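Each remark here refers to the structure printed beneath this line.
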Amino acid sequence: MTLEQKIKSVIRDVEDFPKLGILFKDITPLMLDPQLSNEIADTILSELKEIRIDAVCAIESRGFLYGMLLANKLNVPFIPVRKKGKLPGETMEFTYELEYGSSTVEVHLHDVKSGWNILIHDDLLATGGTAAAAAEIMHKLQAKVAAYAFIVELTFLGGKEKLNSYTDKILTLAKY
Ligand code: AMP
């Protein structure tokens with residue numbers, strides 16, 4: 001079985017969660033299998049081995065799970081991107097449009113150093129709005145997006161096109 005087949009066989013599809021009409025891709029069963037979790041992280045890192053990565057930045061909240069694992073394996077800092085109001089220190093924020101309304105995410109601004117090459121990670125790429133917001137914050141702090149890495153991609157939502165302007169290195173392991 002390929003890694004993509006393994007991931008797809010383990011991920012749980014939950015209909016109408018968290019609201020009607022959404023088919024939620026639950027990644028929590030992946031974490032019950034430490035060998036598979038290691039294979040996921042090691043595959044991402046081997047695909048990116050030619051790229052300098054100074055820090056891993058991951059998106060609340062499911063992005064934290066493998067984001068921290070990736071940062072630890074790379075031996076680089078881990079930087080959380082959180083919804084507005086959760087981080088206690090001085091922050092840099094970015095507001096982006098959702099289907100209905102808007103959302104604001106933020107980062108502790110002293111976590112990011114000017115000139116750094118950042119790997120941005122989340123569990124799942126849907127429309128790409130959240131991942132683009134993370135990149136906008138990195139740009140405001142004079143850092144570069146070295147690559148994106150997602151476990152799951154919902155290709156029919158066209159998220160990759162939204163992220164192309166930040167980097168051409170966009171890795172996704174299981175495509176639907
Ligand atoms: P987006 O900004 O549209 O790319 O949405 C990505 C964020 O929403 C990620 O943090 C995902 O965890 C979450 N998300 C969006 N759609 C789904 C889905 N169908 N299943 C699980 N998570 C989702």
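All residue numbers in this chain count up from 1 along the given sequence. For ligands, and for the atoms within them, numbers begin at 1 and follow the listed sequence. Side-chain atoms are counted along with the backbone in the values below, which use heavy atoms only and exclude waters and symmetry mates. Everything numeric here is computed off the predicted structure, so don't read it as measured data.
The cationic atom of Lys140 (NZ for Lys, CZ for Arg) does not lie both less than 6.0 Å from the six-membered ring centre of Phe94 and within 45° of the ring axis.
Identified under the side-chain hydrogen bond (donor to acceptor under 3.5 Å, both in side chains) test for residues 141-156, with sequence neighbours left out: Glu153-Lys160, Glu153-Thr172. Applying the side-chain hydrogen bond (donor to acceptor under 3.5 Å, both in side chains) definition to pairs two or more places apart or across chains, those involving residues 113-127 are Arg62-Asp123.
Within 4.0 Å of ligand 1, heavy atoms belong to protein residues Leu23, Phe24, Lys25, Arg62, Asp122, Asp123, Leu124, Ala126, Thr127, Gly128, Gly129, Thr130, Leu154.
Every residue meeting the side chain to side chain donor-acceptor pair (under 3.5 Å) condition with Glu39, not counting sequence neighbours, appears here in chain and number order: Lys6.
A donor-acceptor pair under 3.5 Å links the side-chain atoms of Thr167 to the main chain of Lys169, judged by distance alone.
By the 4.5 Å heavy-atom criterion applied to side chains, Val145 and Leu163 are not counted as neighbours.
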